[in-house]
> 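Before I ask anything, let me first share the structure, which is written out below as structure tokens.
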Amino acid sequence: MTRLNWGMIGGGEGSQIGPAHRISAGLDGHFHLTAAALDIDPERGKSFAKQLGVAEDRAYGNWQEMLDGEKSRPDRLDLVTIATPNATHYEISRAFLEAGFHVLCEKPLTMTADEAEHIVAIAKEAGKICAVNYGYSGYPLVRQMKAMVTNGDLGNIRLIKAEFAHGFHADAEEADNPRVRWRYDPAQAGTSAVFADAGIHAFHMACFVAGQSPSKLSADFASLVGDRQLEDDAMINIRMDGGALCRLWTSAVAVGRMHGLTLQVFGEKGGLSWQQQHPDQLYWTPLNGRTQVLERGDATLSEQAVRASRIAIGHAEGLPVAFANIYHDLSEVLKASNAGNAPSPLALDYPTAVDGLWSMKAIEAAAKSAKSGGAWVTV
Ligand SMILES: NC(=O)c1ccc[n+]([C@@H]2O[C@H](COP(=O)([O-])OP(=O)(O)OC[C@H]3O[C@@H](n4cnc5c(N)ncnc54)[C@H](O)[C@@H]3O)[C@@H](O)[C@H]2O)c1
């Protein structure tokens, strides 16, 4: 199997999301970590890259050195993942896209909708992929939900209930913890805290599964702990362009909730319910019928869900496999493009910069609505 050359920026030793990317990119053997600038500390980044098997001359101290070192090589990187803190995403994505690299950027794509619009335009102009890691859309049963909606099993979608509510910022004593403080500081986090950080995954999944985009929304933001300047809880009502109503709750103060990402979709012919903490079961209730449990790994599920499963039915998969499906899609598209072929339509479900742009528009609209007492704002 031809392995693609893969570069990584950020995601250094001890980072939260770096290991998930390395496990996911490596899972199917499609990508090989070839070049890296992993850390804000140049020496630590180089040393960790070498420990991971990156050659000395491709273990860089920062992303600018990596760009200079990589852009003229004949054995070019096929994909560059950006897993640095949010405020750096725009500058780094832009530089690599302009230099002709395909990019997978962590969410949020940028800090503003204007910047996201710019990235969409640059990627289009350069003819390069800019994917965004809304990785939960890679879960096999989330893809099953999308396939069932697309297939018309639910009929018209009336209502979506999306949640990403956890309880890990509920302790007022933690106000000065640096890992918590920046998230509620507008100078570092932008116009929204918990919606931009967590709820935006639920928002993306609602759009992905329903195949609809937001038209307008009304948001109620609350800061329930101490004197936080940004919200730690939000309830958002979204009218979708395909006629569905989406009710989205996101929170960081819901003590006892762990990851707390759930999605329910209710149509005129039935309803679906999925929880990320139990990702291998999907509950399907046809109108006037009995609730059925669809198990991941069942060969009679949609071809999208079967393609996205790795481990036999009854054995737990999880987040790295969901992220691996994003990498799997990208590898198929990149290999097809390198060979001058069209990719399989099944490989085209990965989230793109356009999804990143919708997210930034939704965040800005929600912050504006919340400031004006929940007024409806066009997205
Ligand atoms: N998709 C998801 O589910 C998900 C989950 C968690 C985090 N994230 C996103 O991933 C990104 C990173 O989050 P995290 O929690 O891993 O952060 P983190 O603080 O745990 O790690 C950040 C890493 O980036 C490195 N870094 C910082 N600035 C850098 C620079 N200029 N150049 C190179 N490396 C640099 C740091 O040294 C560190 O290794 C954020 O944008 C976050 O929103 C996404």
Side-chain angles (χ1 to χ4, degrees), residues 7-25 35-49 51-52 54 59-67 69 80-96 103-111 115-116 131-139 142 164 166 168-169 177-183 188-190 192-205 208 250 252 258-261 276-277 279 318-327 350-351 355-356 359-360 363:
M8 191 171 189
I9 301 168
E13 192 166 21
S15 66
Q16 187 190 173
I17 209 65
H21 279 279
R22 285 186 286 275
I23 293 168
S24 307
L38 295 173
D39 206 291
I40 189 71
D41 177 322
E43 288 315 313
R44 215 169 46 195
K46 282 188 200 179
S47 152
F48 189 45
Q51 199 180 310
L52 293 170
V54 175
Y60 297 95
N62 61 51
W63 67 264
Q64 290 93 341
E65 279 176 17
M66 179 164 150
L67 183 61
V80 176
T81 290
I82 300 165
T84 50
N86 302 359
T88 61
H89 292 176
Y90 171 65
E91 189 186 17
I92 304 176
S93 306
R94 181 183 168 174
F96 277 82
V103 164
L104 167 61
C105 185
E106 258 307 341
K107 46 67 59 174
L109 176 59
T110 56
M111 296 295 282
E115 288 172 352
V132 180
N133 191 37
Y134 286 113
Y136 305 114
S137 62
Y139 275 102
V142 173
F164 195 159
H166 65 82
F168 292 109
H169 302 152
N177 175 339
R179 293 203 67 175
V180 176
R181 196 178 47 214
W182 74 265
R183 296 168 194 275
Q188 295 181 73
S192 159
V194 72
F195 179 48
D197 190 36
I200 206 64
H201 285 290
F203 168 83
H204 174 262
M205 283 192 9
F208 174 76
T250 184
M258 297 294 146
H259 203 239
L261 177 62
Q276 196 232 344
Q277 284 173 224
L319 179 82
V321 177
F323 281 19
N325 284 325
I326 308 294
Y327 279 100
Y350 63 87
D355 299 291
S359 299
M360 292 317 302
I363 291 165

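Just follow the structure's listing: the first ligand is 1, and inside any ligand the first atom is 1. None of these values were measured; they are calculated from a predicted model. Residue numbers start at 1 and run along the sequence shown.
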> May I ask you to check whether Trp63 has an N/O atom sitting below 3.5 Å from an N/O atom of ligand 1?
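Among all N and O atoms of Trp63, none is under 3.5 Å from an N or O of ligand 1.
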> Do the charged groups of Asp197 and Lys107 touch, with an N to O distance under 4.0 Å?
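Lys107 and Asp197: salt-bridged.
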> Mark up the atoms of ligand 1 that fall under 4.0 Å of a heavy atom belonging to His89, in ascending order.
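It comes down to these atoms of ligand 1: 41 (O).
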> Could you tell me which non-hydrogen atom of Ser192 sits nearest to which non-hydrogen atom of Ile363, and how far apart they are?
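Taking every non-hydrogen atom into account, CB-CG2, 3.8 Å.
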> Determine whether the side chains of Glu106 and His21 contain a donor N or O and an acceptor N or O closer than 3.5 Å.
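Their side chains do contain a donor-acceptor pair, which is all the 3.5 Å distance test asks for.
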> What atoms in ligand 1 come closer than 4.0 Å to a heavy atom of Leu38?
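Atoms satisfying the 4.0 Å criterion: 25 (C), 34 (N), 39 (O).
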> What's the shortest distance from atom 14 (P) of ligand 1 to any protein heavy atom, and which residue and atom give it?
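Looking at atom 14 (P) of ligand 1, the protein heavy atom closest to it is Gln16 CB, 3.9 Å.
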> Counting only non-hydrogen atoms of the protein, does one fall under 4.0 Å from atom 19 (O) of ligand 1?
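Under the 4.0 Å cut-off, atom 19 (O) of ligand 1 has no protein heavy-atom neighbours at all.
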> Taking non-hydrogen atoms only, is Ala37 closer than 4.0 angstrom to ligand 1 via side chain, backbone, both or neither?
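Within the 4.0 Å criterion, Ala37 contacts ligand 1 through backbone atoms alone.
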> Using a 4.0 Å heavy-atom cut-off, say whether Tyr136 meets ligand 1 through its side chain, its backbone, both or neither.
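For Tyr136, only side-chain atoms sit under 4.0 Å from ligand 1.
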> Hey, which atoms in ligand 1 end up nearer than 4.0 Å to a heavy atom of Ala83?
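Ligand 1 atoms under the 4.0 Å threshold to Ala83: 12 (C), 24 (O).
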> Note the single closest protein heavy atom to atom 23 (C) of ligand 1, along with its residue, its atom name and the distance in Å.
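For atom 23 (C) of ligand 1, the nearest protein heavy atom comes out as Gly11 N, 3.6 Å.
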> Quick one: look up the protein heavy atom nearest atom 26 (N) of ligand 1 and list residue, atom name and how far away it is.
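For atom 26 (N) of ligand 1, the nearest protein heavy atom is Ile40 N, 3.7 Å.
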> How far does OG1 of Thr88 sit from CD1 of Ile40, to the nearest 0.5 angstrom?
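Going from OG1 on Thr88 over to CD1 on Ile40, the span is 8.0 Å.
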> Going by the atom numbers of ligand 1, which of them fall below 4.0 Å from some non-hydrogen atom of Asn86?
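Atoms satisfying the 4.0 Å criterion: 40 (C), 41 (O), 42 (C), 43 (O).
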> Measure the distance from atom 16 (O) of ligand 1 to every protein heavy atom, then report the residue, atom name and distance (to 0.1 Å) of the closest one.
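That would be Ile17 N, 3.0 Å.
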> Decide whether an N or O pair under 3.5 Å exists between Gly135 and ligand 1.
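For ligand 1, there is no N or O atom that lies under 3.5 Å from one belonging to Gly135.
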> Please enumerate all residues that pass ring-ring contact (aromatic ring centres under 6.0 Å, His included) together with Tyr134, with sequence neighbours excluded.
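With sequence neighbours excluded, Tyr134 shows a ring-ring contact (aromatic ring centres under 6.0 Å, His included) to His201, His204, given in chain and number order.
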> Heavy atom of Glu13 under 4.0 Å from ligand 1?
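Contact absent.
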> So which heavy atom in the protein is nearest atom 27 (C) of ligand 1, and how far is it from that ligand atom?
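Looking only at protein heavy atoms, the one closest to atom 27 (C) of ligand 1 is Pro85 CD, 3.2 Å.
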> Distance to 0.1 Å, residue and atom name: give those for the protein heavy atom nearest to atom 43 (O) of ligand 1.
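Result: Lys107 O, 2.9 Å.
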> Could you check which of Asn133, Ile82, Thr84 puts a non-hydrogen atom nearest to atom 32 (N) of ligand 1?
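Ranked by closest heavy atom to atom 32 (N) of ligand 1, first place is Thr84.
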> Which residue from Ser15, Pro42, Pro351 reaches closest to atom 22 (C) of ligand 1 through any of its heavy atoms?
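Closest candidate by heavy-atom distance is Ser15.
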> Which residue, Gln51, Arg44, Met8, forms the side-chain contact (heavy atoms from CB on, under 4.5 Å) with Leu38?
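Considering Gln51, Arg44, Met8, a side-chain contact (heavy atoms from CB on, under 4.5 Å) with Leu38 is found only for Met8.
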> Under 3.5 Å between any N/O of Gly18 and any N/O of ligand 1: does that happen in this structure?
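N/O-N/O distance below 3.5 Å does not exist for this pair.
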> Give the residue, atom name and distance (to 0.1 Å) of the protein heavy atom nearest atom 8 (N) of ligand 1.
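Checking every protein heavy atom, the shortest distance to atom 8 (N) of ligand 1 gives Glu106 OE1, 3.7 Å.
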